[in-house]
Amino acid sequence: MREVDHFIGGAFCGAASGARISRENPATGEPLRAIARGDAADVARAVDAARRACAIWGRMPAADRSRVLLAMAAGIEARLDELARLECEDTGKPLSLARSLDIPRAAANFRFFATAILHEAGESFSTERPARAINFTLRRPLGVVGCISPWNLPLYLFTWKIAPALAAGNCVVAKPSELTPTTAAVLGEIAQAAGLPAGALNIVHGLGGEAGQAIVDHAEVCAVSFTGGTTTGRRIAARCGERLIPASLELGGKNAAIVCEDADLSIALPEIVRSSFLNQGEICLCSSRILVHRSRMKEFTERFVAAVNALTVGDPLSAETDLGALISKDHREKVLAAVERGVRDGGVVAAGGEVPRGLPARVANGAFLRPTVLLGVPQDSTCVQEETFGPVVTVHGFDRHRDAVAMANGTRYGLSASVWTRDLSRAHRMAGALDAGTVWVNCWMLRDLRVPFGGTKDSGIGREGGVHALHFFSEPTNVCIATGDQS
Ligand code: TXE
C-alpha cells in the first residue's frame with residue numbers, strides 16, 4: 001500500500017486532519033493506496049502557497065517559464081514506464097494504452113504549451129477617429145486558478161489543464177480524481193526536479209464534495225477549469241456564476257458515428273470499434289450511438305459484432321488485452337443497469353452484456369465487462385439518451401441523411417460526432433448541421449492540440465486547446481496610446 005500525499009508549497013504532506021481515503025486496484029480488487037483526504041483547511045494552505053508564488057512565477061519572462069515546462073515534459077518522458085504502470089494500476093486500463101496514449105500525451109501537453117507561449121501573436125489596431133491612437137491587447141495571468149480533473153485519462157487530462165494554466169503565468173491549485181490520484185502525485189516530484197518555483201503548482205487530493213468544492217468556493221481562486229460529469233459541472237458552474245468567476249467545463253458526451261451508404265468499411269469498421277471501446281469506452285469522446293444507412297445495416301452489424309466479439313478483455317498487464325477493467329465495480333453496476341434499461345425498452349444484446357468468464361486468477365475479482373452491442377433500442381430509451389461511460393454502444397438504422405443528423409442531435413449532449421462517407425461535400429454539409437463541438441470525418445480522436453476542444457449543450461461551456469486555453473487562463477487589457485495628432 002502506497003500513501004499518496006498533497007503537494008503544497010513545494011513539499012509533500014498529509015491532510016491536516018490526518019484522514020485518508022483507501023482505494024483498491026479495479027483489476028485485482030487488492031488494496032492499493034491510502035490517499036490524503038483533503039478539506040477546506042488543506043485547500044486554504046494550497047491557495048496561500050499559490051498566492052505567494054504568483055509574485056515569482058507570474059512575473060517570470062515567458063522564455064523562462066517555457067524552459068521549466070519543457071523540463072517537466074522531459075521529466076514525464078523519463079518516467080514513462082513508472083507512470084504508465086501507476087496509471088494502469090489506478091484505472092484498470094491496459095498498460096499498453098497508458099504507455100502509448102496517456103503518458104506520452106501528458107508530456108505533449110507540457111511541450112505544446114511551453115512552446116506556444118514563445119510564438120503567441122498579439123493583436124493591435126491603428127485607430128484614426130476620433131483621434132489617432134494605437135490600441136493593443138496586453139494579456140496577464142489571472143492569479144490563482146483551480147483545475148479539477150476526472151479518472152478516465154488521469155494524467156492526460158490533469159496536465160491538459162495545468163500546462164496552459166502555468167504557461168500563461170498562473171499559479172495552480174489542482175485536484176485529480178480521488179479514484180486515480182497517483183500519477184498526479186508523481187507530477188509534483190517532476191515539478192520539483194524541473195525547478196518549478198514552490199507554490200506555482202499545488203496538488204490537493206480528496207473527495208469532490210470536500211476538497212473539490214473547497215477549491216471552487218475559495219475567495220482567492222479566480223477561475224476554474226473542470227472536466228467530469230455533467231451534474232457536477234452544473235453545480236460548479238452555478239457556484240462560479242455566484243462568485244462571478246470564469247469556468248471552463250468539459251462534460252459528458254453521447255457521441256454518434258454516422259455510417260453513410262458509401263462508407264469505406266475497411267477504414268470505418270476498425271475505427272468505429274476503436275472509437276466505441278478504447279479505454280473500455282470510458283472516454284467522453286467515445287462513440288456510443290452508431291447510426292448506419294439502412295442499405296448497409298446488415299453488412300455493418302454482422303462485421304461489427306464479429307469484430308467486437310474478437311476483442312480480448314482481461315489482465316491490463318497482458319500485451320494481448322484490448323479492454324481492461326472498468327474504474328470500479330460500482331461503475332460496472334451503473335453500466336450494466338444502462339444495458340438492462342435498453343433491453344427492457346425493447347433492445348436486443350448482439351454482443352457482450354456480461355462479465356467475462358475464465359479470467360486468470362490474478363484478475364478474477366476485477367471490474368471487467370465484455371464490450372456490448374445493443375440493437376433495436378428506441379431513441380427515447382435512457383440507454384440511448386444518457387451517457388453510459390462504459391463499453392456499450394447502440395446501433396440504429398436510418399434512411400435519409402437528415403434523419404441521421406436529427407438522431408445525432410437528438411440528445412442533450414453535443415460533444416462530438418463522426419461521419420463515415422466517401423463524399424466529402426456531403427460530409428461538409430452534415431458537419432454544418434451537427435450540433436457538436438468536434439466533427440470527425442473518416443477518422444476519430446485524431447487530435448491536433450491547436451484546435452478548439454469542447455462541447456455544446458450539456459457537454460460543457462467554453463473551449464480548451466491552443467490559444468483558447470491560453471486565453472481562458474489570462475485577462476486581456478486593452479491599452480490605448482494616443483499618438484497626439486488629430487485625424
Ligand atoms: O465524475 P465527477 P464521477 C461522467 C461519466 C461518469 C459520471 C460521474 O458519465 O459516470 O460523469 O463520474 C470532482 N466540486 N464523466 O462521479 O463527480 C471529483 O472529485 C468540485 C465524464 O467520477 O464529475 C473529480 O475530481 N469538484 C467525464 C472530478 O470532479 C468536484 C469523465 C470529476 O468527478 C465536485 C468522468 C464538487 N462538488 C466522468 N464533485 C468526461 N467528460 O470525460 C466532484 N468533483
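Please read all numbers here as calculations on a predicted model, not as lab measurements. These numbers come from the heavy atoms of this one structure, side chains and all, not from hydrogens, waters or symmetry mates. For ligands, and for the atoms within them, numbers begin at 1 and follow the listed sequence.
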Task: atom 18 (C) of ligand 1 [closest protein heavy-atom partner, distance rounded to 0.1 Å] - done: Glu178 OE1, 3.6 Å

Task: Any N or O of Leu251 closer than 3.5 Å to N or O of ligand 1 - done: yes

Open item on the list: How far is atom 26 (N) of ligand 1 from the closest protein heavy atom, and which atom is that?
Closed with: Gly212 CA, 3.6 Å

Open item on the list: In the structure I gave you, are the side-chain heavy atoms of Phe389 and His331 within less than 4.5 Å of one another anywhere?
Closed with: yes

- [ ] Would you please determine whether Glu282 falls within less than 4.0 Å of ligand 1 on a heavy-atom basis?
- [x] no

- [ ] List in chain and number order the residues that pass salt bridge (charged side-chain N to carboxylate O under 4.0 Å, His left out) with Arg37, two or more places apart in sequence or in another chain; answer none if no residue qualifies.
- [x] Glu210

- [ ] May I ask you to decide whether Glu189 forms a salt bridge with Arg79, counting only side-chain N to carboxylate O separations under 4.0 Å?
- [x] yes

Task: Min side-chain heavy-atom separation His218-Val173 under 4.5 Å - done: no

TODO: Go through ligand 1 atom by atom and flag the ones less than 4.0 Å from a non-hydrogen atom of Ile148.
DONE: 13 (C), 20 (C), 25 (O), 26 (N), 28 (C), 29 (O)

Open item on the list: Counting non-hydrogen protein atoms only, what is the nearest one to atom 44 (N) of ligand 1? Give residue, atom name and distance.
Closed with: Gly208 CA, 3.3 Å

Task: For Glu387, atoms of ligand 1 separated by under 4.0 Å from a heavy atom - done: 4 (C), 5 (C), 9 (O), 21 (C)

Open item on the list: Looking only at protein heavy atoms, which one is nearest to atom 37 (N) of ligand 1, and what is the separation?
Closed with: Gln213 OE1, 2.8 Å

Open item on the list: Under the rule for salt bridge (charged side-chain N to carboxylate O under 4.0 Å, His left out), what residues qualify as partners of Glu354, not counting sequence neighbours?
Closed with: Arg357

Task: Backbone or side-chain N or O of Thr227 under 3.5 Å from ligand 1 N or O - done: no

Open item on the list: Are Val308 and Phe277 packed together at the side-chain level, in the sense that at least one heavy-atom pair is separated by less than 4.5 angstrom?
Closed with: yes

Task: Of the listed options Gly228, Pro150, Cys284, closest to atom 21 (C) of ligand 1 (non-hydrogen atoms) - done: Gly228

- [ ] Enter the distance from Thr232:OG1 to Ile148:CD1 here, rounded to the nearest 0.5 Å.
- [x] 9.5 Å

TODO: Would you check if there is a donor-acceptor pair between the side chains of Trp440 and Thr438 at a distance under 3.5 Å?
DONE: no

Open item on the list: Looking at ligand 1, is there an atom of it that comes within less than 4.0 Å of some heavy atom belonging to Pro176?
Closed with: yes

Task: Reported SG-to-CD1 distance for the pair Cys286 and Ile272, which is rounded to 0.5 angstrom - done: 12.5 Å

- [ ] Say whether Phe226, considering both its backbone and side-chain N or O atoms, lies within less than 3.5 Å of an N or O atom on ligand 1.
- [x] no

Task: Polar proximity ligand 1 side, Gly229 side, N/O cut 3.5 Å exclusive - done: yes

Task: Numbered atoms and elements of ligand 1 in range of Trp151, under 4.0 angstrom, heavy atoms - done: 3 (P), 12 (O), 22 (O)

- [ ] Would you mind listing which atoms of ligand 1 come within a distance below 4.0 Å of any non-hydrogen atom of Ser177?
- [x] 25 (O)

TODO: Would you mind telling me which of Arg85, Arg33, Arg2 makes a salt bridge (Lys or Arg N to Asp or Glu O under 4.0 Å) with Asp90?
DONE: Arg33

Open item on the list: Applying a heavy-atom cut-off of 4.0 Å, say which part of Ala211 lies close to ligand 1: side chain, backbone, both or neither.
Closed with: neither

- [ ] Look at atom 2 (P) of ligand 1 and find which of Thr232, Thr388, Ile283, Asp330 reaches it with the closest heavy atom.
- [x] Thr232

Open item on the list: So, taking the atom named CD1 in Ile103 and the one named CG in Leu155, what distance separates them when rounded to the nearest 0.5 Å?
Closed with: 5.0 Å

- [ ] Please determine if Thr230 has a nitrogen or oxygen closer than 3.5 Å to a nitrogen or oxygen of ligand 1.
- [x] no

- [ ] Within a distance under 4.0 Å of any heavy atom of Lys175, pick out the atoms of ligand 1 and give their elements.
- [x] 18 (C), 19 (O), 25 (O)

Task: Per-atom contact, atom 33 (O) of ligand 1, protein heavy atoms, under 4.0 angstrom - done: no

TODO: To the nearest 0.5 angstrom, please state how far the OG atom of Ser248 sits from the CZ atom of Phe473.
DONE: 7.0 Å

TODO: Could you list which atoms of ligand 1 come closer than 4.0 Å to a heavy atom of Lys334?
DONE: 6 (C), 7 (C), 9 (O), 10 (O)

- [ ] For the pair Asp48 and Arg52, find out whether any cationic side-chain nitrogen is under 4.0 Å from an anionic carboxylate oxygen.
- [x] yes

- [ ] Would you mind checking if Lys161 and Glu250 are paired as a salt bridge, meaning a charged N to carboxylate O distance below 4.0 Å?
- [x] no

- [ ] Kindly state if atom 16 (O) of ligand 1 has a protein heavy atom within a strict 4.0 Å cut-off, that is, under 4.0 Å?
- [x] no

Task: Ile290 vs Ser276 side-chain heavy atoms within contact, under 4.5 Å - done: yes

Task: Any Arg239 heavy atom less than 4.0 Å to ligand 1 - done: no

Task: Per-atom contacts of ligand 1 with Glu250, taking only distances under 4.0 Å to non-hydrogen atoms - done: 41 (N)

- [ ] Specify the protein heavy atom at minimum distance from atom 28 (C) of ligand 1: its residue, its atom name, and the distance to 0.1 Å.
- [x] Ser149 O, 3.6 Å

